[in-house]
Student: 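Can you read through this structure? Questions will come right after.
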Amino acid sequence: TCCSHPLHGMSPPEVDSPQEVADGTVPGAKNAAVRKLEHELGIPASQVPVSKFKFLTRLHYWAADTVTHGKKSPWGEHEIDYVLFFTVPSKDQLTVKPHPDEVDAVKWVTKQQLLDM
């Protein structure tokens with residue numbers, strides 16, 4: 001997983017219209033995911049084409065940063081997150097070079113392991 005964090009003014013565009021969200025195409029979120037997969041996990045864009053992402057849903061996420069700012073923290077994350085899936089036939093077909101400031105660990109799981117989580 002990684003966060004896509006879509007940005008305004010990017011090329012290709014990363015912000016989706018209400019219609020793109022409603023019909024599930026979300027090309028903007030997919031473009032942002034490609035950018036962030038390269039930034040966070042070192043996965044080249046050529047290995048994760050936008051057309052192969054599957055949009056499942058989006059959700060509202062909020063978490064206070066109580067570790068840094070204490071129990072009454074006014075700071076944290078408050079966002080709409082898109083859940084996208086991308087399947088590769090084998091981990092050998094994907095280059096993964098995690099950015100040490102972004103990723104603590106990488107774990108490959110089978111479909112059954114994913115279902116069991």
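The first residue in the sequence is number 1, and the count goes up from there.
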Student: Indicate the atoms forming the closest heavy-atom contact of Q113 with V109, along with that distance.
Tutor: OE1-CA, 3.1 Å
Student: Drop me the distance from R35's CZ to E40's CD, to the nearest 0.5 angstrom.
Tutor: 9.5 Å
Student: Among the clusters formed by ILVMFWY side chains lying less than 4.5 Å apart, do W108 and M117 turn up in the same one?
Tutor: no
Student: Considering non-hydrogen atoms only, spot the tightest contact between A32 and P6 and give its length.
Tutor: CB-CA, 3.7 Å
Student: In terms of hydrophobic clusters joined by side-chain contacts under 4.5 Å, are L59 and L114 together?
Tutor: yes
Student: In terms of hydrophobic clusters joined by side-chain contacts under 4.5 Å, are F53 and V15 together?
Tutor: no
Student: Ignoring hydrogens and angles, write down the donor-acceptor pairs under 3.5 Å from the side chains of residues 79-106, residues two or more places apart or on other chains.
Tutor:
{"from": "S90", "atom 1": "OG", "to": "D92", "atom 2": "N", "distance (Å)": "3.2"}
{"from": "T95", "atom 1": "OG1", "to": "Q47", "atom 2": "NE2", "distance (Å)": "2.9"}
{"from": "H99", "atom 1": "ND1", "to": "D101", "atom 2": "N", "distance (Å)": "3.0"}

Student: Counting C-beta onward and ignoring hydrogens, is there a side-chain heavy-atom pair between V26 and R58 closer than 4.5 Å?
Tutor: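 Counting from C-beta outward, V26 and R58 never come under 4.5 Å.
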Student: When you look at NE2 of H60, are more than 12 heavy atoms from neighbouring residues, nucleotides or ligands closer to it than 6.0 Å?
Tutor: yes
Student: When rounded to the nearest 0.5 angstrom, what distance separates CG in D16 from NZ in K30?
Tutor: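 Atom-to-atom, D16:CG and K30:NZ are 9.0 Å apart.
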Student: Say you draw a straight line from CD of E14 to NZ of K36; how long is it, rounded to the nearest 0.5 Å?
Tutor: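 Between atom CD of E14 and atom NZ of K36 there are 9.5 Å.
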